[in-house]
Amino acid sequence: MITKENILANAKKTIESESQSIAKLIDFIDDTFAEAVQCIFNSKGRLIVTGIGKSAIIAQKMVASFNSTGTPSLFLHASEAIHGDLGMLQKDDVVICISKSGNSPEIKALVPLLTRFGNKLIGMTGNMTSFLAKGSHYVLNTTVDAEACPLNLAPTNSTTAQLVMGDAIVVCLMEMRDFKAEDFAVYHPGGALGKKLLLRVKDMLEHTLKPEVGPDTPVKKAIFEISEKRLGVTAVVENNKVIGIITDGDIRRMLNDRDTFAELTAKDIMTKSPKTIQSAAMVVDAFNIMEDFSITQLIVVDNGEYKGVLHLHDILKEGIV
């Protein structure tokens with residue numbers, strides 16, 4: 001009978017088995033690995049990654065990682081390559097061929113074709129005496145003792161080892177290219193990640209109202225300004241310089257302390273030296289400031305000039321965090 005205890009034990013056993021296989025990869029990181037990475041870095045062409053079966057799926061993930069981190073790459077399915085897709089290979093391209101056994105019929109047919117035009121071939125295999133290993137210029141060892149599969153058949157440890165070896169290459173190339181967050185943003189303009197890396201405060205001010213009162217503005221009018229602009233705040237501006245801020249909280253505190261406020265002006269209840277940010281700053285940095293100081297609005301100021309208000313709710317609507 002299968003119990004929860006059996007399920008949990010099998011899950012933990014699988015994770016432990018795969019983690020041990022990954023740890024052993026450290027022993028396979030040698031001069032050949034470094035030379036293979038240098039070969040990719042120095043190439044004037046693209047990186048072609050090929051494989052078959054589960055290795056092909058790993059190859060696709062590797063291509064996605066390479067492309068997003070500055071190494072132009074293409075996926076070539078090993079079986080389709082010998083039926084016409086080999087035409088995508090150009091003379092300056094470097095090829096990574098992934099295969100656990102290194103001896104499958106498709107790989108044996110493909111390896112001589114990958115190198116006939118002088119392309120450098122990097123083999124990634126768990127069999128260092130295989131056809132792929134012998135036919136490659138550089139061989140990356142992804143040998144595992146066994147699969148996590150109880151039948152030792154389904155690719156588990158082996159594909160995880162391939163994936164991690166690929167990630168190691170990706171990270172090394174990023175370091176060699178001095179790849180920065182700004183570069184990463186160029187390749188990820190969409191979705192929450194793209195917004196986090198690209199969206200600046202000024203981009204969010206275009207459709208935002210700009211609440212503003214003078215220091216001698218009656219409190220009643222300041223309340224109307226806060227209500228009308230619907231940002232829960234107004235800047236107190238004198239000679240186009242922000243000298244303070246009035247928030248919903250300031251209004252509530254005033255009402256708790258006084259029975260009447262007819263004689264009060266904005267400067268009487270404002271908070272001096274409010275937290276500010278420049279319009280060129282990243283929105284994610286603005287969010288971090290709000291979080292650090294437990295506030296929901298930031299006054300936007302450029303060279304002392306008031307530009308508007310950035311509200312936490314607007315940031316959340318963008319899905320950045």
Side-chain angles (χ1 to χ4, degrees), residues 63-73 167 170-171 173-215 217 222 224-251 266 270-321:
V63 165
S65 296
F66 284 125
N67 280 326
S68 68
T69 54
T71 300
S73 305
D167 286 342
V170 168
V171 172
L173 289 171
M174 289 178 68
E175 293 284 348
M176 295 169 76
R177 299 186 196 285
D178 193 25
F179 198 82
K180 296 181 170 28
E182 294 80 6
D183 303 310
F184 196 81
V186 171
Y187 301 108
H188 297 77
L193 180 58
K195 289 180 180 179
K196 184 176 181 179
L197 294 170
L198 292 174
L199 195 63
R200 297 186 181 275
V201 171
K202 61 184 177 183
D203 300 323
M204 298 190 65
L205 293 181
E206 297 176 359
H207 307 292
T208 302
L209 299 174
K210 186 180 175 182
E212 176 180 344
V213 297
T217 300
F224 286 154
E225 180 72 359
I226 293 173
S227 177
E228 181 182 351
K229 300 298 172 62
R230 293 180 295 180
L231 289 173
V233 65
T234 183
V236 182
V237 180
E238 185 174 36
N239 298 324
N240 208 32
K241 303 292 183 181
V242 177
I243 62 171
I245 187 175
I246 300 175
T247 67
D248 286 340
D250 293 322
I251 300 298
M270 71 181 186
T271 299
K272 298 179 180 179
S273 303
K275 299 300 178 185
T276 64
I277 194 167
Q278 295 183 347
S279 64
M282 305 304 296
V283 171
V284 67
D285 293 331
F287 172 79
N288 290 333
I289 293 174
M290 292 180 187
E291 192 173 47
D292 290 341
F293 291 97
S294 300
I295 56 179
T296 56
Q297 305 99 344
L298 273 177
I299 299 295
V300 183
V301 175
D302 286 340
N303 299 319
E305 183 178 348
Y306 176 51
K307 295 294 183 180
V309 175
L310 180 65
H311 199 288
L312 175 63
H313 292 166
D314 295 324
I315 297 177
L316 297 178
K317 285 178 182 178
E318 290 292 337
I320 294 176
V321 291

Closest non-hydrogen atom pair between Ala222 and Ile246, with its separation:
CB-CD1, 4.2 Å
Between Thr71 and Arg177, is any side-chain donor less than 3.5 angstrom from a side-chain acceptor?
yes
Which atom pair, heavy atoms only, marks the closest approach of Gly214 to Ala266?
O-CB, 3.4 Å
Could you tell me the separation between the NZ atom of Lys307 and the CD1 atom of Ile299, rounded to the nearest 0.5 Å?
14.0 Å
Might you point out which heavy atoms bring Val283 and Val201 nearest each other, and give the distance in Å?
CG2-N, 3.6 Å
Separation between CZ (Arg200) and CG (Leu205), nearest 0.5 Å, reads 13.0 Å
Strictly distance-based, threshold 3.5 Å: is any side-chain N or O of Thr234 a donor or acceptor partner for the main-chain N or O of Glu212?
yes
Might you work through the side-chain contact (heavy atoms from CB on, under 4.5 Å) test for Ile245 and Val233, ending with a clear yes or no?
CA-CA 7 Å; Ile245 187 175; Val233 65; 3.1 Å; yes
Distance col, row Met290:CE vs Gln297:CD, nearest 0.5 angstrom, shows 7.5 Å
With a 4.5 Å heavy-atom cut-off, do Thr271 and Asp250 have their side chains touching?
yes
Would Ile243 and Met270 count as a side-chain contact (heavy atoms from CB on, under 4.5 Å) if you check the C-alpha gap in whole Å, the side-chain angles of each, and the deciding distance to 0.1 Å?
CA-CA 9 Å; Ile243 62 171; Met270 71 181 186; 4.0 Å; yes
Any side-chain to backbone donor/acceptor pair from Asn240 onto Glu305? Under 3.5 Å, distance only.
no
Write down the atom of Val170, the atom of Ser65, and the distance for their closest heavy-atom approach.
CG2-CB, 3.8 Å
What one should report as the nearest heavy-atom pair of Ser73 and Phe66 is OG-CB, 3.0 Å
Do Thr296 and His311 have side-chain heavy atoms sitting under 4.5 Å apart?
yes
Rounded distance [0.5 Å steps], CD1 in Ile289 versus CG in Leu310
9.5 Å
Could you state the interatomic distance from CG (Leu231) to CG (Asp248), rounded to the nearest 0.5 Å?
10.0 Å
Are more than 12 heavy atoms, taken from residues, nucleotides or ligands other than Lys210, located less than 6.0 Å from that residue's NZ atom?
yes
Rounded distance [0.5 Å steps], CD1 in Ile226 versus CD1 in Ile251:
4.5 Å
Applying salt bridge (Lys or Arg N to Asp or Glu O under 4.0 Å), which residue pairs with at least one partner in residues 229-241 are found, sequence neighbours left out?
Glu225-Lys229
Taking every non-hydrogen atom, the tightest pair across Asp314 and Met204
O-CE, 3.3 Å
